[in-house]
Amino acid sequence: MAVVALLALVAVLVRLALGGPGLLGWYLAAWALFAAALWLSRHGRHLKLLVIGGGLAVIATGLAGPPSTSTDSYRYAWDGRVQAAGISPYDHAPADPALAPLRDGWLFPPGCGGCTRINRPTVHTIYPPVAEGYFLVVHWLSPAGTRHKPLQVGGALLAVAVLLALCRASGVRRAAAWAWCPAVPIEAVNNAHVDTLAVLLVVLAFSVNRGRGALLGAAIAAKLLPVATLPGALSGVLRRGVDWRRILAITVPAALVVALAYLPYVLVSRSSVLGYLFGYVQEEHYSAPSAGDRYAVLRLLLPDSWAPVAAIVALAAVTLYVLRYGEPDRPWHGALLVTGSLLLLFTPGYSWYALLVVALAAMDGRWEWLGVPLAGGIAYLGGPATLAYTLAAAAVLAGQWPSIKRLAGQRPFVKRLAGQRRS
């Protein structure tokens, strides 16, 4: 029966890749089939063949059509082209007349008054240096006239690499959470989001003992979000005093890799290599939550003006918990707690941010966190973002409740408080 669910999932994902109306309904159907496949395979035979073979089929569906819900890959292609011409991608916005000789009829369709497929054409790129290097390599390897397809193929290869790394690190049963997740073919392949490169680097980092800090630094220099995985790599460093040796062993290589990745661009760029980063934060209403759907769950409980501070305090508390009580031999668990909590607290409207959560949930075997990428996808496709993130948060709390009760029972002050209440 799991095979039947996977075949139906593949059919639905092909429909999603082709775009068109009603995508939210198809997206929900894909997630329902994904959940069914996971459930039906829990006692299945030939699981390795099912996970890897089914995963390859699911990933391949993202190649069925052009980008269906995101235009980010057009910026990737443009940034690769600009670098191949010997120009820093941080120096000019796509609409800058200085780059007019690099334009073509694909990214700048003729006859539409200077319009372009590239989003935010009047601002500088936002992507970090390892991502920019990836865009350049894809450009170099792309045959002329192939347009969006090389980036999709690159995304598919990265998604397969993550799948194989997860199978080796965590086993095929857990890897199914990545292999069959609808967010993977949609965001990693069809929309070709560079987040998949960062996800691969994080999975590799948590699969080794040596070189972990350097790999996490490379992940951060590919997409800034993996900075949230650093507390996981430092799980338990505050358990008995401060373990400075382990802190330095992770943070120093990570910082060096980030600095070295940025250095070539700093040397050749006349503009800031941070690009549109701060403008993006403003655009997404993180400083003015009432103007958008940010902090959606917190705003159900608190006044809008309190939400940003509450999110920061709550995230700091989760981070401190991981540093104090996290398990050093399960760094992905702490990374999942911090990364997943960050997305639940700040509620971004982009599902590809949560590709990292999908991979970490697979490593940890905690499938309750898969509601986070589902909520992000619902928000992005115009569905009820607040409801989706609230249900995702409730699922996480339900899944974590036994651990919360166990932790509370181990804390002396909780025991004393309970004794006072009984008296």
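Along the sequence shown, the residues carry numbers beginning at 1. When reading the values below, keep in mind they use all heavy atoms of this one structure, side chains included, and skip hydrogens, waters and symmetry mates.
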Test side chain to side chain contact (heavy atoms under 4.5 Å, CB included) applied to [X] - qualifying residues, sequence neighbours left out:
X	answer
P331	F206, R212
V160	L56, I59, L164
P384	I378, L387
L256	V252

Got [X] and [Y] here, is their nearest side-chain heavy-atom distance under 4.5 Å?
X	Y	answer
T386	L300	yes
F108	P121	no
D195	L225	no
R103	P94	no
L277	L224	yes
V10	V58	yes
S41	W180	yes
S207	R168	no

How far does [atom1] of [X] sit from [atom2] of [Y], to the nearest 0.5 angstrom?
X	Y	atom1	atom2	value
L166	R174	CG	CZ	11.0 Å
L13	L33	CG	CG	8.5 Å
I220	T229	CD1	OG1	6.0 Å
I312	T319	CD1	OG1	11.5 Å
L344	T339	CG	OG1	11.0 Å
H193	S70	NE2	OG	3.5 Å

Quick one: which residue pairs count as a ring-ring contact (aromatic ring centres under 6.0 Å, His included) with a foot in [range], not counting sequence neighbours?
range	result
residues 109-134	Y76-Y127, Y127-F135
residues 54-73	none
residues 144-178	none
residues 354-404	Y350-Y380, W352-Y380

I'd like to know whether Q400 forms a side chain to side chain contact (heavy atoms under 4.5 Å, CB included) with L337, so could you lay out the CA-CA distance, the side-chain angles of the two residues, the decisive distance to 0.1 Å, and finally the verdict.
CA-CA 10 Å; Q400 297 292 318; L337 283 176; 4.2 Å; yes
Could you please spell out the steps behind the side chain to side chain contact (heavy atoms under 4.5 Å, CB included) verdict for L374 and Y27?
CA-CA 9 Å; L374 173 58; Y27 190 71; 4.1 Å; yes
What are the two closest heavy atoms between [X] and [Y], and how far apart are they?
X	Y	answer
P129	Y90	N-OH, 3.5 Å
A307	R299	CB-CG, 3.8 Å
L40	A5	CD1-CB, 4.3 Å
S68	L23	O-CD1, 4.5 Å
S351	G377	CB-N, 3.3 Å
W140	A84	NE1-CB, 4.2 Å

Quick one: list whatever passes ring pair (Phe, Tyr, Trp, His ring centres under 6.0 Å) with F346, sequence neighbours left out.
Y295
More than 12 foreign heavy atoms under 6.0 Å from NZ of K48: is that the case here?
no
Should we say atom CZ of F278 is surrounded by more than 12 heavy atoms from elsewhere, each under 6.0 Å from it?
no
Taking only residues at least two apart or on different chains, which pairs with a member in [range] satisfy salt bridge (Lys or Arg N to Asp or Glu O under 4.0 Å)?
range	answer
residues 315-336	E327-R330, R330-D364
residues 70-86	R81-D104
residues 117-126	R120-E283

Does the [X] side chain pair with the main chain of [Y], one donor and one acceptor, at a distance under 3.5 Å?
X	Y	answer
R15	G20	no
S341	V338	no
D293	P348	no
K149	L63	yes
Q152	A192	no

Is the distance between the ring centroids of Y325 and Y321 less than 6.0 Å?
yes
L298 and side-chain contact (heavy atoms from CB on, under 4.5 Å): which single residue from T347, V309, L345 fits?
L345
Derivation of the side chain to side chain contact (heavy atoms under 4.5 Å, CB included) call for L102 and V82:
CA-CA 7 Å; L102 300 179; V82 169; 4.0 Å; yes
Cut-off 3.5 Å, side chains only: do N191 and T69 have a donor facing an acceptor?
yes
Between W78 and Y74, is any side-chain donor less than 3.5 angstrom from a side-chain acceptor?
no
Step by step, would you call M363 with H333 a side chain to side chain contact (heavy atoms under 4.5 Å, CB included)?
CA-CA 8 Å; M363 294 194 82; H333 178 71; over 6 Å; no
